[in-house]
Amino acid sequence: MIKAVIIDDEKDSIDTLKWKLENYCPEVSVAAFFQQPAEGINYLKRNPVDLLFLDIEMPMLTGFDVLEELGRDIPFDIIFITAYNNFGIQAVKFSALDYLLKPVQNKELKEAIGKHLKRSQQKIPSEQIDVLLNNVQAERKGKRGRIALASKESIEFVDPQEIVVCEANSNYTNVYLAEGRKRVISKTLKEFEEMLAQFDFFRPHNSHLINLSRVKEFIRGDGGYIIMENKMKIPVSKNRKEELLQLLS
């Protein structure tokens with residue numbers, strides 16, 4: 001049984017999440033819930049738990065303030081709860097931590113619990129917490145943070161501009177870095193597209209996402225294709241060629 005705690009300043013949100021967990025995720029037991037983040041922090045420091053559902057936007061302490069109070073060595077998993085446009089959602093995505101959007105949907109909740117079960121024997125690496133909090137500070141200053149490239153072997157943190165090309169690989173993505181390495185990451189290309197759209201990345205073809213600042217040449221022949229700095233040749237869909245050329249010019 002997964003021992004869970006909920007910290008959310010909205011009682012309706014707590015009640016709804018508890019009901020959904022009871023009815024759709026019977027493997028989860030809600031041991032405690034708190035509308036006051038400080039009370040939740042005290043509980044977590046004194047009691048072992050497996051999973052924390054943590055709201056990001058709260059009036060007294062944000063979810064990120066809660067993490068700072070708990071310290072770097074957090075012995076449980078975290079699923080953030082947030083509205084789509086709330087502050088910090090980009091930082092969470094970049095840090096490869098899990099999140100659910102309000103209102104929480106049954107399917108997404110079950111998928112999040114399934115992911116937790118796969119990694120339940122592993123606490124969140126302290127480096128991942130550090131990167132998250134650093135990315136939050138960067139977002140507050142209008143700067144870009146570092147993105148976590150998580151695989152079974154490791155988590156690598158890179159500047160988004162170090163990514164040259166993302167290539168679809170079923171439910172995975174091949175990420176090609178400026179220094180010539182390739183990483184196979186367990187995220188879909190669509191997830192990368194959502195994370196990197198604001199950093200001048202463009203999807204010229206269903207199977208590729210490119211860093212526009214790393215484009216070397218556009219070739220008009222053979223229907224049109226791009227040559228990247230790392231010499232990769234990327235096809236361009238007919239319906240995306242005009243938009244691409246406008247962005248490059």
Side-chain angles (χ1 to χ4, degrees), residues 56 80 82-102 105 107-108 111 131-132 134-136 138-151 156-249:
I56 290 180
F80 288 96
T82 182
Y84 183 75
N85 292 320
N86 274 7
F87 166 77
I89 184 63
Q90 187 70 36
V92 172
K93 289 179 180 179
F94 265 37
S95 304
L97 292 168
D98 212 355
Y99 66 94
L100 292 167
L101 298 177
K102 291 182 178 181
Q105 302 298 310
K107 179 182 177 183
E108 282 78 10
E111 288 176 350
V131 167
L132 170 63
N134 288 336
N135 284 349
V136 169
E139 191 171 333
R140 285 189 174 123
K141 297 174 182 177
K143 299 179 180 179
R144 65 173 180 259
R146 290 193 296 162
I147 186 170
L149 300 179
S151 64
E156 182 178 0
F157 304 99
V158 302
D159 187 303
Q161 289 305 312
E162 291 302 304
I163 298 174
V164 179
V165 175
C166 297
E167 178 183 51
N169 180 6
S170 187
N171 290 326
Y172 293 81
T173 298
N174 300 329
V175 178
Y176 296 87
L177 300 171
E179 60 193 52
R181 292 184 300 114
K182 181 180 83 170
R183 295 292 306 274
V184 181
I185 306 302
S186 56
K187 284 183 179 294
T188 64
L189 190 62
K190 181 176 175 57
E191 290 177 280
F192 273 99
E193 183 179 18
E194 291 173 353
M195 284 192 294
L196 296 170
Q198 64 178 294
F199 298 102
D200 292 327
F201 279 73
F202 181 74
R203 194 166 177 176
H205 188 272
N206 285 339
S207 59
H208 293 90
L209 179 71
I210 64 168
N211 185 341
L212 291 172
S213 68
R214 300 283 184 175
V215 173
K216 183 178 180 181
E217 190 176 2
F218 176 77
I219 305 299
R220 297 182 183 278
D222 297 328
Y225 62 92
I226 298 163
I227 298 178
M228 304 298 294
E229 284 183 359
N230 62 357
K231 299 182 181 180
M232 287 183 68
K233 294 182 178 180
I234 309 298
V236 179
S237 298
K238 288 182 179 179
N239 60 347
R240 298 178 186 176
K241 184 183 298 184
E242 183 176 348
E243 183 181 0
L244 171 66
L245 290 174
Q246 287 177 350
L247 290 170
L248 290 176
S249 62

Quick check for you: to the nearest 0.5 Å, what is the distance between [X] atom [atom1] and [Y] atom [atom2]?
| X | Y | atom1 | atom2 | result |
| --- | --- | --- | --- | --- |
| Ile234 | Ile219 | CD1 | CD1 | 13.0 Å |
| Ile185 | Leu149 | CD1 | CG | 4.5 Å |
| Phe201 | Ile210 | CZ | CD1 | 9.5 Å |
| Gln90 | Ile147 | CD | CD1 | 8.0 Å |
| Leu248 | Ile226 | CG | CD1 | 6.5 Å |
| Ile56 | Ile89 | CD1 | CD1 | 5.0 Å |

Worksheet item: More than 12 foreign heavy atoms under 6.0 Å from OH of Tyr172: is that the case here?
Response: no
Worksheet item: Under 3.5 Å, is there a donor-acceptor pair between the side chain of Glu229 and the main chain of Val215?
Response: no
Item to complete: Ignoring hydrogens and angles, tell me if any N or O in the side chain of Glu162 forms a donor-acceptor pair with the backbone of Glu179 under 3.5 Å.
Response: no
Distance-minimising heavy-atom pair for [X] and [Y]:
| X | Y | result |
| --- | --- | --- |
| Leu189 | His208 | CD2-N, 3.6 Å |
| Ala83 | Leu101 | C-CD2, 4.2 Å |
| Leu196 | Cys166 | CD1-SG, 4.3 Å |
| Glu139 | Gly88 | OE2-N, 3.1 Å |
| Pro235 | His205 | O-CB, 3.4 Å |
| Asn211 | Ile163 | ND2-O, 2.9 Å |

Worksheet entry | side chain to side chain donor-acceptor pair (under 3.5 Å) contacts in which one or both residues fall within residues 230-249, not counting sequence neighbours | Asn206-Arg240
Response to the item:
Residues pairing under side chain to side chain donor-acceptor pair (under 3.5 Å) where one sits in residues 186-196, two or more places apart or in two chains, turn out to be Thr188-Glu191, Glu193-Arg203
Practice prompt. Go through the structure and list residues passing side chain to side chain contact (heavy atoms under 4.5 Å, CB included) with Asn174, not counting sequence neighbours.
Written response: Glu167, Asn169, Tyr176, Lys182, Val184
Worksheet, complete the sentence: Those residues at least two apart in sequence (or on a different chain) that pass side chain to side chain contact (heavy atoms under 4.5 Å, CB included) with Arg220 are Phe218
Discussion item. With heavy-atom distances below 4.5 Å as the criterion, would you say the side chains of Met232 and Val164 are in contact?
Written reply: no
Worksheet entry | Residues which pass side chain to side chain donor-acceptor pair (under 3.5 Å) with Glu156, listed by chain and number, not counting sequence neighbours | Arg181, Arg183
Side chains of residues 91-98: which donor-acceptor partners sit under 3.5 Å, not counting sequence neighbours?
residue : atom : partner : partner atom : Å
Ser95   : OG   : Ala91   : O            : 2.8
Ser95   : OG   : Leu132  : N            : 3.4

